[in-house]
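Nothing here was measured: the structure is a model prediction, and the numbers come from that model.
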Amino acid sequence: MKLYGYILLFAAAALLSGCRKKLCYEESHPHQISFRVIVDYSRMDYTPEEMQVDFYSIETGQRFVRFVTPTNDHVHLPGGQSYRAVISNHDSEYIEFSNGDLYEQYNALLPDLTRTRYNGIYSGRSLPYSQYTQSQASHEVDVQEEQTYSNSMPNITRSIGQPDLLFVDHVASFAVVSDASQPQPDMHVAPINTTKLYKARVKIVGMQYVSRIRGTFTGVAPALYLHNQQRVFANNVGVMFDCSKDGSYADCRFTAFGLIQGNPQDPAIHAVNYLAIEFLLVDGTIYTATFDVTNRLTEEICCEGGSIFMDDLEVNIPETHTDQSGGFEANVDEWGPEIEVPLQ
């Protein structure tokens, strides 16, 4: 009985002294200095419920994770040190984070996806910047778990999805006083959006033969370093997307961390931007048009993320024996034999 009593006493003490990891991060401790992280939300498309602030001691390299909200921006850190800091929202549905313990390697990334997995994640969900919604394509079965255009796209080796809005800012150096009796300045940050919106409006001759449209675009960054918002180079990466039909046009929109300008380790290696549009025709066959748009992109700054437009493209769909007026609707899972169009 005495042993049982000790167990109960120990358990009660553990409950009283324990706390969830996040709450422990926020708790004030002796020898820690309190200050405010004042966030300027004016450059953000929406106000997240919470922002994560990662502090890195310049003296020791130790990482301290803190959280601020629009109604509570007070944090505590050990005094007498200087820190580097990264602030970002972690409410993304699609972005993962890696190497958080290392300030210069901390990055946001998009995992590799097959088209089946992509459909399961993105189908029917709204994209950032607009009310555009991915098509409600069936995704019960895919064609041999292929990554879209792994056969028809030149040299593509990886397929990824699209990031939602990621707001980031950083502070290169922030000093915390050693004694609470000393005045401690607040830290000011102004996060901005680090994703870009891409739009391709393609004129389709023979739209009556088209059931569904999807595509991929190469030459984008699969990851982003948070401390300087620099894009991580990776060659032959394609971002997948779905398109909607708008009269005689295919309206394709997708988001990405941005274009890759070249390999920082080898300036001779340059990223190439291919746009491939894949059409599921009403007779069940696939028609693929691939464009080299490396030098044909135009950028219009409409917001922090900006937009890049491709609106001078045209595809001629071959005539099929069946069109949509005949009442046949090809299933997206019946993506059968491909007909490819040479690079334009």
request  = Give the intermediate values and the outcome of side chain to side chain contact (heavy atoms under 4.5 Å, CB included) for residues Val176 and Gln184.
outcome  = CA-CA 7 Å; Val176 177; Gln184 172 61 51; 3.8 Å; yes

query = Yes or no on salt bridge (Lys or Arg N to Asp or Glu O under 4.0 Å) for Arg115 and Asp242, after CA distance, side-chain angles and deciding distance?
reply = CA-CA 11 Å; Arg115 173 54 83 157; Asp242 293 310; 3.0 Å; yes

Test side chain to side chain contact (heavy atoms under 4.5 Å, CB included) applied to Ile317 and Val205, step by step = CA-CA 6 Å; Ile317 303 296; Val205 178; over 6 Å; no

key: Verdict with reasoning, Phe167 to Tyr46, per ring-ring contact (aromatic ring centres under 6.0 Å, His included)   = CA-CA 10 Å; Phe167 308 113; Tyr46 70 93; 5.3 Å; yes

request  = Begin from the C-alpha positions of Val189 and Val171 and carry the test side chain to side chain contact (heavy atoms under 4.5 Å, CB included) through to its verdict.
outcome  = CA-CA 8 Å; Val189 289; Val171 175; 3.8 Å; yes

message = I'd like to know whether Ser92 forms a side-chain hydrogen bond (donor to acceptor under 3.5 Å, both in side chains) with His90, so could you lay out the CA-CA distance, the side-chain angles of the two residues, the decisive distance to 0.1 Å, and finally the verdict.
response = CA-CA 6 Å; Ser92 169; His90 282 235; over 6 Å; no

task = Could you go through the side chain to side chain contact (heavy atoms under 4.5 Å, CB included) check for Leu281 and Ile286 one step at a time?
result = CA-CA 6 Å; Leu281 305 185; Ile286 302 170; over 6 Å; no

message = Would Asp54 and Gln52 count as a side-chain hydrogen bond (donor to acceptor under 3.5 Å, both in side chains) here? Give the steps.
response = CA-CA 6 Å; Asp54 295 88; Gln52 178 171 317; 3.1 Å; yes

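Remark: Leu224 CG to Leu166 CG distance equals 7.0 Å, nearest 0.5 Å.
Separation of the Phe55 and Phe64 ring centroids does not fall under the 6.0 Å cut-off. Taking the six-membered ring for Trp and the full ring otherwise, His74 and Phe35 have centroids separated by 6.0 Å or more. Checked against a 6.0 Å centroid threshold, the rings of Tyr118 and Tyr94 do not count as neighbours.
Under the 4.5 Å side-chain contact rule for hydrophobic residues, Val232 and Val220 do not share a cluster. Cluster annotation: Tyr249 is not connected to Tyr198 through the hydrophobic network of ILVMFWY side chains, with a link wherever side-chain heavy atoms come within less than 4.5 Å.
Through side-chain heavy atoms spaced under 4.5 Å, either directly or across other Ile, Leu, Val, Met, Phe, Trp or Tyr residues, Leu109 is tied to no other residue.
Between Val68 and Val75, some side-chain heavy-atom pair lies under the 4.5 Å cut-off. Side-chain atoms of Leu110 and Ile95, non-hydrogen and from C-beta on, do get closer than 4.5 Å to each other.
Legend: residues meeting salt bridge (Lys or Arg N to Asp or Glu O under 4.0 Å) with Arg201, ordered by chain and number and at least two apart, are Asp246.
Ring geometry, Phe217 versus Phe254: the interplanar angle falls from 30° to 60°, so the pair is classed tilted.
For the pairing with Ser57, the side chain to side chain donor-acceptor pair (under 3.5 Å) check across Gln81, Gln62, Arg84, Arg63 returns one residue only, Gln81.
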